[in-house]
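Encoded as structure tokens, the structure appears first; notes follow it.
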Amino acid sequence: MYALVDVNNMYVSCERVFAPSLVGRPVVVLSNNDGACIARSNEAKDLGVQMAQPWFQVRHLERSAGLVALSANFELYGDMSSRMMSLAQLHAPRQEVYSIDECFLDFDGVRGDLVARGRALRTQVLRWTGLPTSVGFGATKTLAKLANHVAKTAERKPGSYPRALAGVCDFGALDRAALAEVMRRTEVGNVWGIGRKTSAKLNEGGVRTVFDLMQADTASLRRQFSVVIEKTVVELRGTRCLEVDDAPEPNQQIMCSRSFGEPVTALPDLLDVASQFASRVAEKLRQQDGAAGAVHVFITTSPFRRQDRQHSPSLTTRLLRPSADTRTLVAAATRAMQAIYRPGFNYVKAGVMLVDLGPAGQPQGELDLFAPAGQGGPDDPVRRTPERLMQALDALNQRFGRGTLNVASAMEPPAPAAYHAKRERMSPRWTSRLDDIPHVH
Ligand SMILES: [Mg+2]
């Protein structure tokens, strides 16, 4: 069985850990430049605030409904994420980090009551980090994701599902009739990888619930949509067939993480890994015409190598301005790797994640007047056409294979703070900055 562990309203929950007065109030977190709502507390959802809704459209709720808006504090969220992940990984033999606030745990070969294990995990993460989570168990990743949705919804909206499923939901523990009833109550758009367009089309064809989808004819689905949706149905019926590469990307994040075949101890090797992963996510970012505002890098040792000392650091770096340029992203990732690395540890896994995503194009076209000559200043010929350079890079790598063309040296000195994104409502970096550490009186 797989479990999918997911923090409820991650960014808002991180803010509430250090500002308990926000508990119970409607809270939203705003994207880069305070433009749009990228996270909402349940109370804000109940006010009708939509995901990605522009701030100016809901600003009136500040006065009328006490809505609190905060600027995104990715340094804080990244740090809280690694605390949560390192606790979660203690509960199962294998962990796969899926996004900043979600991971899959592989419980194959683990005996006993999974619901009890899920509850123990939730309790520990809440007590040790202050973050509320939901846990879903299923035979495939698609089912675990869906079970998580059920666990979360059952808790948030009493009456939507049986109360016993709130917080932790194990599809494997339900009998056939109960499972069918859950699937009948769940709209097809809640299935992992089924987006708004696909679900509208499915609805037109009479497929409204997950139950309908599970009964559908896979061959005609493949013809009408794609092989991916066929795989989704096979997964919903309990057969594993999604590989890492065709699993849907998380919303609002792009990520590359791998376990190493052998433990890695040397910094140059890890810098190389950071550079490769950052190049990969940069390419994915450009495919969706996005720009990233921050880069999150993590490495971990293995808690199952009992003889080893443990070290699982991470660092989130905010970029001077949102970027989709491989050189900028690789530089940020390698600098972060250098900062978190400690000699003498056996690292078994690393990841690079792009967060705070927005559309490409606006602010990164600005010239950096404070950059050294030839490095992004007005006289840099490459700086004037970075999009074309990146197009050429992608075209060559697509034609001749990944890694044909790489960034040679990624190490750059930190850029001067010539440009500051608007972050007027940002909370202190409670956990990652000495000056900001909370005081207890
Ligand atoms: Mg979440």
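Proximity of D308 to F345: side-chain heavy atoms (C-beta onward) are nowhere separated by under 4.5 Å. Residues Y341 and L271 fail the side-chain proximity criterion, which asks for heavy atoms closer than 4.5 Å. For the pair H296/Q253, no side-chain contact is recorded, criterion being any heavy-atom separation below 4.5 Å from C-beta on. Within the 4.5 Å cutoff, no side-chain heavy atoms of T328 are placed close to those of R321. V182 has its side chain within reach of L165: a pair of non-hydrogen atoms, C-beta onward, lies under 4.5 Å apart. Contact annotation: the side chain of M1 approaches that of D170 to within less than 4.5 Å [non-hydrogen atoms, C-beta and beyond]. Y77 places none of its side-chain heavy atoms less than 4.5 Å from the side chain of T316. Using a 4.5 Å cut-off on side-chain heavy atoms (C-beta onward), L105 and L121 make contact.
For the pair R16 and E43, the salt-bridge criterion is met [side-chain N within less than 4.0 Å of a carboxylate O].
Among the candidates T326, V352, V295, the single residue satisfying the side chain to side chain contact (heavy atoms under 4.5 Å, CB included) test with V281 is V352. With L70 as the partner, the side chain to side chain contact (heavy atoms under 4.5 Å, CB included) test is satisfied by one option alone out of V27, L30, V12: V27.
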- Task: Take R122 and E155, measure what salt bridge (charged side-chain N to carboxylate O under 4.0 Å, His left out) needs, and give me the verdict at the end.
- Result: CA-CA 13 Å; R122 268 190 111 199; E155 188 168 53; 3.1 Å; yes

- Could you walk me through whether E15 and S427 pass the side chain to side chain donor-acceptor pair (under 3.5 Å) check? CA-CA 7 Å; E15 298 286 353; S427 51; 2.6 Å; yes

- Take T301 and S312 through the test side chain to side chain contact (heavy atoms under 4.5 Å, CB included) and record every step on the way to the result. CA-CA 6 Å; T301 51; S312 299; 4.1 Å; yes

- Would you please test F104 and W192 for ring-ring contact (aromatic ring centres under 6.0 Å, His included) and show each step? CA-CA 13 Å; F104 287 102; W192 196 27; 5.6 Å; yes

- Assess whether salt bridge (charged side-chain N to carboxylate O under 4.0 Å, His left out) is satisfied between R318 and D356, documenting all intermediate values. CA-CA 9 Å; R318 186 165 269 280; D356 197 13; 3.8 Å; yes

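Proximity of a side-chain donor or acceptor of S13 to a complementary backbone N or O of P132 within less than 3.5 Å is not detected. Panel note: side chain R286, backbone A324; a donor-acceptor pair is recorded below 3.5 Å. With hydrogens and angles disregarded, a donor-acceptor distance shorter than 3.5 Å links the side chain of S86 to the backbone of R83. With Q95 contributing its side chain and M85 its backbone, the two residues share a donor-acceptor pair below 3.5 Å. In terms of modelled atom types and a separation under 3.5 Å, the side chain of D212 and the main chain of T209 share a donor-acceptor contact. At least one donor-acceptor pair under 3.5 Å links the side chain of E235 to the backbone N or O of C241. In this structure a side-chain-to-backbone donor-acceptor pair under 3.5 Å is present from Q50 to G48.
Nearest heavy-atom pair, V355 versus F74, reported as atom, atom and distance to 0.1 Å: CG2-CD2, 3.6 Å. Considering all non-hydrogen atoms of both residues, N346 and P263 come closest at CB-CB, 3.7 Å. In plain terms, the two heavy atoms of D79 and T431 that are nearest each other are OD2-OG1, 2.6 Å. Closest of all the heavy-atom pairs between A3 and V135 is CB-CG1, 4.2 Å. Heavy atoms only, all atoms of each residue included: L143 and G138 are closest at CB-CA, 4.0 Å. Minimum heavy-atom separation, G189 to S199: CA-CB, 3.8 Å.
Figure legend: cation-pi geometry between R240 and Y2, with NZ or CZ positioned under 6.0 Å from the six-membered ring centre and within 45° of its axis.
Side-chain atoms of N8 and S134 include a donor-acceptor pair closer than 3.5 Å. In the model, S71 has no side-chain atom that pairs as donor or acceptor with a side-chain atom of N73 under 3.5 Å.
Taking CE of M84 as the start and CE of M80 as the end, the distance is 10.0 Å to the nearest 0.5 Å. To the nearest 0.5 Å, atoms CG (L114) and CZ (F171) are separated by 13.5 Å. For the atom pair CD1 (I100) and OG (S81), the distance works out to 5.0 Å, reported to the nearest 0.5 Å. Residue S226 holds its OG atom at 9.5 Å from NZ of K231, rounded to the nearest 0.5 Å.
Ring orientation note: the planes of H311 and Y347 are tilted relative to one another, at an angle of 30° to 60°.
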